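All residue numbers in this chain count up from 1 along the given sequence. Remember, it's 1-based here, ligands and their atoms both numbered in the order they're listed. All figures in this text were calculated on a predicted structure; none of them were measured in a lab.
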Amino acid sequence: MQLPKKVKIVEVSPRDGLQNESKIIPASIKIDFINRLSETGLSVIEATSFVSPKWIPQLADHSEVYQGIKKHHHINYPVIVFNKQGFENALAAGVKEIAVFTTPSELFCKRNANCTVKESLERIKEITQLAAMHHIRVRGYISCVLGCPFEGAIDPKLVEDIAKQLIDLGCYEISLGDTIGIGTAGATHTLLKTVLKNITKNVIAVHFHDTYGQALANIYVALEHGIHIIDSSVAGLGGCPYAKGATGNVATEDVLYMLHGLGVDTGVDLNKLMDVGCFITTYLERENRSKVSLAKRLS
Ligand code: HMG
Ligand code: MG
């Protein structure tokens, strides 16, 4: 099977990565981080989430960060929105693209969004209608597509059904999230065979967390299915505070190394991206070291 010649990387570290850090990172660091990412050749950088600060305090500075970053005309900076309130705040901040969330798992939906799956789709309907009025593009996330921390196995047909509904509601792209990194190459193949029966591969992205080191193998399977949109996170940052076991996303550096080795074009400069990875991990390590030394002094 022929692999895609070109892949679009959706860099999710400023959102998926920083939402999972225990310490609150200053907005100035986030802005510097995103500005550096913008110089690497990426075409999509998920900047933040306009969610409730009570639920995700790490991203409470969403408006400041979004408004503070230097926007490049060839780069999209989507943000996650869970409800009308988030949409209105994003709109006020000048956001041009959003991402919405749902999942086939009732229990994960309740834990992560405090609603049923049906209610999450109703929220998405309301958001996509508002987005259309304001010419804002909407990307759809489906989480726990390869397994849920609360419900276990997930039927691929449920994923296919939700993907179709999201497309009907106006999402231009659907990102399939292996939220807890439980997927294997075999499970990824089965899922994509089902999802791609009636949906074009051109609108499907994959979003792997790398809990069991399977993400690159799963991405290779996705490439074999013709998927050419991959979510990843510099330095493998990431995780969802409401999904036990959700460790880091697949590292963008690893994805680029594999893709470039396969002769697949990404438009991203691996060396520049590694420098940005060093920038953010150096910052996070310094913060963690000072936390440890403070704890020692206090003990
Ligand atoms: P709720 O508690 O049911 O919300 O949470 P509510 O409507 O009852 O409101 C409660 C309070 O929150 C109110 O304030 C609202 O004003 C406020 P109060 O009256 O108590 O002072 N509030 C907000 N404030 C600011 N911005 C908002 C907002 N909404 C409500 N947008 C809600 C429902 C959806 C808000 C909550 O469940 C939530 O914020 N969840 C977000 C969880 C999250 O961000 N998870 C991580 C992202 S998803 C992920 O990581 C997976 C992904 O990476 C893919 C994968 O890996 O699979 C995408
Ligand atoms: Mg994620």
### Message
I'd like to verify the contacts: list protein N, O or S atoms under a distance of 2.8 Å from the Mg ion (ligand 2).
### Response
D16 OD2, H207 NE2, H209 NE2

### Message
I need the contact residues for ligand 1: any residue with a non-hydrogen atom closer than 4.0 Å to the ligand, ordered by chain then number.
### Response
R15, D16, Q19, F50, V51, S52, P53, K54, W55, I56, I80, F82, N83, Q85, G86, N89, N112, A113, N114, R123, Y141, S143, G177, T179, H207, H209, C240

### Query
Between Y212 and T184, is a side-chain hydrogen bond (donor to acceptor under 3.5 Å, both in side chains) present by the stated rule, with each step listed?
CA-CA 9 Å; Y212 298 103; T184 60; over 6 Å; no

### Query
Taking K96 for the side chain and G94 for the main chain, is one N or O donor matched with an acceptor at less than 3.5 Å?
yes

### Query
Which heavy-atom pair separates A185 from N218 by the least distance, and what is that distance?
N-OD1, 3.0 Å

### Query
Are the side chains of F82 and N112 in touch, meaning some heavy atoms are under 4.5 Å apart?
yes

### Task
Only one of I230, L262, V268, D265 passes side chain to side chain contact (heavy atoms under 4.5 Å, CB included) with V7; say which it is.
I230

### D161 and Q165: CA distance, side-chain angles, deciding distance, side-chain hydrogen bond (donor to acceptor under 3.5 Å, both in side chains) verdict
CA-CA 6 Å; D161 179 52; Q165 292 189 57; 3.1 Å; yes

### Task
For the pair H74 and H72, name the ring-plane relationship: parallel under 30°, tilted 30 to 60°, perpendicular over 60°.
perpendicular

### Message
Tell me which one of V276, I75, I69 satisfies side chain to side chain contact (heavy atoms under 4.5 Å, CB included) with S38.
### Response
I75

### Query
Applying the side chain to side chain contact (heavy atoms under 4.5 Å, CB included) test to I154, which of V159, V145, I142 qualifies?
V159

